[in-house]
Amino acid sequence: MKIDFQAATLGLIDIQPTFMPGGELPVPDGDAIVPVVNRLFGRFGDAFATQDWHAPNHASFASAHPLKQPYDTIEMPYGTQILWPDHAIAGTPNAAIHPAIDQRPIEVIIRKGFRPDLDSYSAFFENDRKTPTGLEGWLRQREIRSLFLCGLATDFCVAWSAQDAARLGFSVTIVQDACRGIGLPDPGGQTTIDTARRLLTEMDVTFVNSDEL
Ligand code: VGL
Ligand code: ZN
């Protein structure tokens, strides 16, 4: 694959133990991406990372809503919100970037979801799709035009980040063997992973394997 590595950066989305087996919101096989991501650093000049970073009692937690169970939905002022098990509690060890990730190449870390009443899947905007995280400014000032995304989960934070990046005019590639998804059921026997992939492909987001880079 021909890549202008000068203008490309690797984005690590929510590679936190809270989203891995043994964590609070485990993504199946989520820990398998750690060595793949470490190998990818060698190919890119720059890297950023995000961390999901919630207060206890965050509005996206089912436990914050009487009578609600994880994976139920509620209507928030900004739209429908899936309710999750408590996860990514700011400052806890499971909310850290996974300790086996080589952090030397990571130049900036964006934390998201820290407003108690507003969730944030995307690295660019909170779930109202308006409140910016500041990542766009960092990328533009660094003259980065092309993003390669990896992390957890493919169908939520990676997918929403890829969608926003494509809308903002960045060229977006998802390194699929460096991602894992949650896979909630979607209509038509599909999962949220299938739906995300279809939507992103329609938006010209490319999917590759790490050995193609
Ligand atoms: C995520 C659900 C809730 C993710 C974060 O990182 O994909 N998913 N919070
Ligand atoms: Zn979260």
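Here, residue 1 is the first one in the sequence, and each next residue gets the next number. Values below: every heavy atom of this structure, side chains too, minus hydrogens, waters and symmetry copies. All ligand and atom numbering here is 1-based and tracks the order in the structure.
For the pair NE2 of His54 and OD2 of Asp52, the angle at the Zn ion (ligand 2) is about 90°; rounding is to 10 degrees.
Leu152 has its side chain out of reach of Cys179: every pair of non-hydrogen atoms, C-beta onward, lies at least 4.5 Å apart.
Of the protein's heavy atoms, Cys157 SG, 3.2 Å lies nearest to atom 1 (C) of ligand 1. With respect to atom 6 (O) of ligand 1, the closest heavy atom belonging to the protein is Asp14 OD2, 2.7 Å. The protein heavy-atom contact nearest to atom 8 (N) of ligand 1 is Phe156 CB, 3.9 Å.
Between Gln16 and ligand 1 there is no heavy-atom distance shorter than 4.0 Å.
For Phe61 and His87, the ring centers are positioned less than 6.0 Å apart. You'll find the ring centres of Tyr71 and Trp84 inside the 6.0 Å limit.
Side chains of Gln16 and Asn94: no donor on one and acceptor on the other come within 3.5 Å. Under the 3.5 Å distance criterion, with hydrogens and angles disregarded, a donor-acceptor pair is assigned to the side chains of Ser122 and Asp164. Counted by atom type alone, Thr80 and Glu75 present one or more donor-acceptor pairs between their side chains at under 3.5 Å.
Under a 4.0 Å N-O distance rule, the pair Arg104/Asp102 qualifies as a salt bridge.
Where the criterion is an N or O separation shorter than 3.5 Å, residue side chain and backbone included, Asp52 meets it with respect to ligand 1. The shortest N or O to N or O distance between Leu152 and ligand 1 is below 3.5 Å. At a 3.5 angstrom cut-off on N or O pairs, Trp84 does not count as close to ligand 1.
Look at His87 and the Zn ion (ligand 2): an N/O/S atom of the residue is under 2.8 Å from the metal.
Taking a cut-off of under 4.0 Å to the non-hydrogen atoms of Ala153, the atoms of ligand 1 that pass are 4 (C), 6 (O), 7 (O).
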